[in-house]
Protein chains: 2
Amino acid sequence: METFTIKDIARELNLSTSTVSRALRGSYEINPETKRLVMECAERLNYRPNPIALSLKGSASRAIGVILPQIANYFFSQAINGIEAIAYNRGYHVIIFQSQESYEREIANVQQSMSRKVDGLLMSLSSETSNVAHLQEVLDKNVPLVLFDRVSAELNVTKVVADNFGGAFAATEHLIQSGRRRIAHLTIQPWLSITQERLAGYRAALEKHGLVFDESLVRYGSFGPDEVGPMVDELMRYPSPPDAFFTASDRLAVGCLQALRQRNLHIPDDVSLIGFTNLNVAELLAPPLSTVVQPAQEIGQIAAERLIDQIERKQRALPIETVRIPTELIVRTSTMPEMVKL
Amino acid sequence: METFTIKDIARELNLSTSTVSRALRGSYEINPETKRLVMECAERLNYRPNPIALSLKGSASRAIGVILPQIANYFFSQAINGIEAIAYNRGYHVIIFQSQESYEREIANVQQSMSRKVDGLLMSLSSETSNVAHLQEVLDKNVPLVLFDRVSAELNVTKVVADNFGGAFAATEHLIQSGRRRIAHLTIQPWLSITQERLAGYRAALEKHGLVFDESLVRYGSFGPDEVGPMVDELMRYPSPPDAFFTASDRLAVGCLQALRQRNLHIPDDVSLIGFTNLNVAELLAPPLSTVVQPAQEIGQIAAERLIDQIERKQRALPIETVRIPTELIVRTSTMPEMVKL
DNA sequence: AACGTTCCCGACATCGTTTGCGCAAATTAT
DNA sequence: ATAATTTGCGCAAACGATGTCGGGAACGTT
């Protein structure tokens, strides 16, 4: 099956390419009969407009770019699923770039997607990103941009995030209500919006229940596979060690579970553990892991919807807002000593 | 930061665009001094050639397309990581498409990547794909193609796969050696190459140890979340039910674990369980899951390397071969009754 | 001095598509 | 019947870059 162009149709029908182009787009200044002929011929040849040529012309490419830190991550891969589903339904293609948590690569990704003329950009910031000038430039070029999950307060754009404050609050309160008093919080880079919101939820819950916020129980970082263990050791050496861990990501939840088990700390008898995670196997872990579930797929869907809405009604500016998706607390054995005995 | 074109440089330097183009590509017929000027100006304006225009002209786009069934899958997301790493190092960008296990979408993806003028294509077939005419067309267009994991025997191209036979053989033999006799095999669609190879390994191990191959213990399918349970029920109702399950994918391993636990079948006392999986949490499950690990990242890396080699030495045809990456058997509690007592 | 080379560089066409403008024929108005 | 519109379509420019020509200047050769 070769690939036919508008020229082939024009030649076949003895028309000019302009006429064919206009007929295909349904222009009013083309004879209905001519239109029919063109449509029929296009159908017959299985004509598909060349997206590259369209992009060059500057018109819509019907592609949206997605830039995120890592694909191999439960949260993001589910978010992509949501994005793809919506995009596909609405006739858009998705081009995915990974920043690998690198600021430089994120900039390169943005440049790439701009020069590939995507119709819009969906982003979740790398952990190294604090300066958002490169995104401001995107906006200046009038390219629709929607941020999700890892967003920046400095940009006046539509954002779709989980209710991080609420989720963290619920998790922390749950730990307190199940009798915990020294709750460690393992989290990611402090300048990220999600980190701050979760930390705020954690603090708020502590304060509500009259517990003092102890800075030394909060640890930030990009925790590689071997970094969680030492940190747990350090925390457990305290005169009054934590009796619970609240972690802020998939990676941390798993790393922490592993570290605790390796150290023969029994969960939940010695310490409770609860994570912010989308692990679908959370229930099958030993012990089954309590979590705050962020609806990753839904976040992706809503972000994609907002973006495409913006792309398609470009003339009239859509309201810019922050959509906050509720999170869900799921209590399992890792935070419920009484469940162990059942 | 605006985006400058070759024209801007030409205007700035009072040269023609052709001269600038040639200077940038280092053509011998340009005065070294002129080259210097052009280079310097390009540097100053932060000139980046427009990939769209290049693609239109038919030259290299320095992008490779990756088409695979699902991103939200441990194996594939790790494979993408490997692909991305290599591609990035060698100056290529990766455009990812998901077929969602649909033949139609796979065809659409191929068309898209062709019209987006990727320099080469990396594919893992959807489970619905039995006809590979769309890929033959890719080859006919002289676009380099490398298949990985889910490959087709009908295509004469470079393929990168795990040692599925060896892995299945090792898993099955391990089960037999730990005393199991009725080993069920839950696997995916029968027409896929990986399915056949794994089945062959399973049979070979049975035969080596003098066990008869019982077709009724093998189940094929695309097992959704609620389909594994009923199948387990059915198998366990047999007069002589299986004493072990060997599953052929991440999804099946987890689904099976969950189904067995829900039915209060104790692993490994009642039945053993071993999977083909890349789950990084396999060790943390209850019980820790024995698995055959496929080096997903390595498969991705090698596939990307082969593809880019083909792209860059397009003139001289590189040898077409099938690269088989060894798998690794990791024995954990789910297949070792004696370990439970430790 | 007339010719052939070599060295640099510019004009132009091209990729596939859209779009502003213009132009002939057909239709309507005067 | 003539003028004014409308209808339907083609020409050519444009998007950004490359590549094929070909041409002018500065050499070297007889």
Side-chain angles (χ1 to χ4, degrees), chain A residues 2-39 41-42 45-63 111-112 114-119 141-143, chain B residues 2-39 41-42 45-63 111-112 114-119 141-143:
Chain A
E2 300 190 48
T3 159
F4 292 99
T5 78
I6 215 172
K7 284 186 187 173
D8 298 310
I9 302 183
R11 195 174 330 106
E12 180 110 357
L13 265 41
N14 253 315
L15 288 171
S16 75
T17 58
S18 353
T19 304
V20 175
S21 169
R22 276 185 275 251
L24 256 15
R25 326 215 98 233
S27 163
Y28 65 97
E29 44 179 340
I30 298 295
N31 189 320
E33 173 60 13
T34 311
K35 269 187 201 169
R36 206 188 50 72
L37 279 173
V38 171
M39 295 294 197
C41 183
L45 298 182
N46 189 29
Y47 167 78
R48 293 277 173 274
N50 181 329
I52 301 275
L54 289 180
S55 305
L56 225 210
K57 272 310 264 186
S59 50
S61 63
R62 294 202 82 77
Q111 283 209 1
Q112 265 288 314
M114 286 303 97
S115 54
R116 290 199 180 276
K117 289 271 192 305
V118 296
D119 290 345
K141 281 181 189 143
N142 244 331
V143 174
Chain B
E2 300 190 46
T3 160
F4 292 98
T5 78
I6 212 170
K7 285 187 187 172
D8 298 310
I9 301 183
R11 195 172 332 107
E12 181 110 357
L13 264 42
N14 252 317
L15 290 170
S16 76
T17 58
S18 344
T19 304
V20 175
S21 170
R22 274 183 286 251
L24 257 14
R25 326 215 97 234
S27 163
Y28 66 96
E29 45 180 340
I30 296 295
N31 190 319
E33 173 60 13
T34 310
K35 269 189 204 170
R36 208 189 48 71
L37 278 173
V38 171
M39 296 295 199
C41 183
L45 297 182
N46 189 30
Y47 166 78
R48 293 279 173 273
N50 181 329
I52 301 277
L54 290 179
S55 305
L56 223 208
K57 271 309 262 186
S59 50
S61 63
R62 293 201 84 74
Q111 283 209 2
Q112 266 288 314
M114 286 303 97
S115 54
R116 289 196 180 278
K117 290 271 190 306
V118 296
D119 291 345
K141 282 182 189 140
N142 246 332
V143 174

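Order of the sequence lines fixes the chain letters, A, B, ..., with proteins taken first and strands second; residue numbering starts at 1 for each chain.
- For K57(B) against dT14(C), a side-chain N or O and a base N or O form a donor-acceptor pair under 3.5 Å.
- Mapping L56(B) and T34(B) onto DNA chain C via the closest heavy atom, the residue that lands nearer the 5' end is T34(B).
- Looking only at side-chain heavy atoms (C-beta outward), T34(A) and T19(A) come within less than 4.5 Å of each other.
- Per the geometry, CD belonging to E33(A) stands 10 Å off P belonging to dC9(D), to the nearest Å.
- Rounded to an integer number of Å, the gap from CD1 of I6(A) to C1' of dC15(C) is 13 Å.
- We find that CZ of R11(B) is positioned 12 Å from P of dA17(D), with the value rounded to whole Å.
- As rounded to whole Å, 13 Å separates atom P of dA26(D) from atom CG of N31(B).
- Counting heavy atoms from C-beta outward, M114(A) and T3(B) have side chains that stay 4.5 Å or more apart.
- For the atom pair CD1 (I6(A)) and CG (L15(A)), the distance works out to 11.0 Å, reported to the nearest 0.5 Å.
- No hydrogens or angles were tested; on distance alone, nothing pairs the side chain of K7(B) with the base of dA17(D) as donor and acceptor under 3.5 Å.
- The stretch residues 12-30 of chain B touches DNA chain C through N14(B), L15(B), S16(B), S18(B), T19(B), R22(B), E29(B), I30(B), each having a heavy atom within less than 4.0 Å of the strand.
- Between L45(A) atom CG and dG16(C) atom C1' there is a gap of 15 Å when expressed in whole angstrom units.
- Judged by distance alone, the side chain of S61(B) and the main-chain N or O of K117(B) form a donor-acceptor pair under 3.5 Å.
- R11(A) is linked by a salt bridge (charged side-chain N to carboxylate O under 4.0 Å, His left out) to D8(A), counting only residues two or more places apart in sequence or in another chain.
- Between the C1' atom of dC15(C) and the NZ atom of K117(B) lies a distance of 8 Å, rounded to the nearest Å.
- Between L54(A) atom CG and dG16(D) atom P the separation is 15 Å, expressed in whole Å.
- No side-chain donor-acceptor contact under 3.5 Å links S115(A) and N50(B).
- Of all non-hydrogen atoms in L54(B) and P49(B), the two that sit nearest each other are CD1-CB, 4.1 Å.
- Between K35(B) atom NZ and dC7(C) atom P there is a gap of 12 Å when expressed in whole angstrom units.
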